[in-house]
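Right, one structure below, let's go through it.
None of the values given here were measured: they were computed from a predicted structure. Because only heavy atoms are used, hydrogens play no part in the values below, and waters and symmetry mates are left out as well, while side chains stay in. Proteins come first, then strands; the chains are lettered A, B, ... in the order of their sequence lines, and each starts at number 1.
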Amino acid sequence: MPAEVNQVQMWLSIVDKSELQMSEEDKINFEIEILNEIKAYTAYPLLFPKTKPWWQKITALF
Amino acid sequence: MRRNFTPDQTLIDQLFLDNTDAFEELYYRHWYSLYSYSYGKLRSHNDAKIIVRNVFISLWNERNKLPLNFSLSAFLYSEVRNEVVKCVNAKMNAEAEETFIESQIIPGFASRELAKAKKPVSHANVYPKPGRLRLSELNVSPKETIWEKYYSRGNFKSLKQALQTMLNF
């Protein structure tokens with residue numbers, strides 16, 4: 001495999017994250033905020049709703 | 001804390017089946033790297049956020065058209081770089097941003113910064129493979145890059161023209 005291809009394969013793990021100073025709380029908020037925007041644009045929760053796990057289906061019967 | 005050790009390739013296979021959990025797992029794994037990369041280039045939280053959003057939207061929209069030998073990291077790499085270039089181009093067209101671009105963004109594209117990317121990755125230094133080809137052996141002179149050519153002249157207009165030519169190409 002050429003060196004360039006290897007570098008592209010690994011680039012996600014070698015991105016310099018030290019420049020970006022962000023607290024854990026901010027990070028979680030940002031993560032949720034961006035994901036909500038993606039959901040709003042693609043509308044996948046409406047088109048492909050998550051199925052409930054089997055134990056939730058059973059407990060719903062009671 | 002989320003702990004999911006499913007390989008990326010399995011999650012990508014699940015994307016074909018419209019599995020939203022797989023998509024969200026891929027997002028949780030990689031959003032911060034993309035965000036850090038975009039922020040490092042653009043120095044703007046808002047722009048970085050928009051870029052991450054657009055990259056994942058395009059991944060979701062193209063989930064049914066992904067090739068068999070699809071590489072997620074290569075896809076994210078090309079998408080995020082395209083988005084960064086588009087964002088810089090959009091800012092260049094706004095005259096008010098020119099001084100900011102000249103002082104903050106263009107140095108990030110200079111050959112000194114690009115030369116870092118040309119070095120072998122840190123993994124390779126820790127665990128060198130025998131017979132591996134290193135970029136430093138390819139006789140690539142950093143001074144011959146297009147960015148150095150234009151940036152050293154200090155000619156902002158010609159740099160803008162070069163970027164637009166790249167976009168048109």
Between [atom1] of [X] and [atom2] of [Y], what distance do you get to the nearest 0.5 Å?
X	Y	atom1	atom2	value
B/Ile50	A/Glu37	CD1	CD	7.5 Å
A/Ile38	B/Tyr27	CD1	OH	5.0 Å
B/Asp21	A/Lys50	CG	NZ	4.5 Å
A/Phe48	B/Phe23	CZ	CZ	11.5 Å
B/Asn54	A/Tyr41	CG	OH	7.5 Å

* Do the ring planes of B/Trp31 and A/Phe30 sit parallel (below 30°), tilted (30 to 60°) or perpendicular (above 60°)? -> parallel
* More than 12 foreign heavy atoms under 6.0 Å from CG of A/Leu61: is that the case here? -> yes
* To do: Answer yes or no: does atom CD of A/Glu25 have more than 12 heavy-atom neighbours from other residues, nucleotides or ligands under 6.0 Å?
  => no
* Name the region of B/Asn61, side chain, backbone, both or neither, that has any atom closer than 4.5 Å to a heavy atom of chain A. => side chain
* Structure fact -> Turns out that what part of B/Tyr37 lies under 4.5 Å from chain A's heavy atoms comes down to both
* **Joint cluster assignment, B/Leu26 & A/Ile28, ILVMFWY side-chain distance < 4.5 Å** => no
* To do: Flag yes if B/Leu59 and A/Leu47 sit in one hydrophobic cluster, no otherwise; membership is Ile, Leu, Val, Met, Phe, Trp, Tyr, and two members link when side-chain heavy atoms are under 4.5 Å apart.
  => yes
* **chain B contact via A/Lys27 - side chain, backbone, both or neither, heavy atoms under 4.5 Å** => both
* Distance-only side-chain donor-acceptor flag, A/Glu31 / B/Tyr35, under 3.5 Å -> no
* Identify which of B/His30, B/Arg29, B/Glu24 forms the greatest number of heavy-atom pairs closer than 4.5 Å to chain A. => B/Glu24
* Apply side chain to side chain contact (heavy atoms under 4.5 Å, CB included) to B/Phe56 and A/Ile34, showing your working. => CA-CA 10 Å; B/Phe56 280 97; A/Ile34 298 172; over 6 Å; no
* Asked: What's the verdict on side chain to side chain contact (heavy atoms under 4.5 Å, CB included) for B/Tyr28 and A/Leu35, showing C-alpha distance, side-chain angles and the deciding distance?
  -> CA-CA 9 Å; B/Tyr28 290 132; A/Leu35 185 62; 3.3 Å; yes
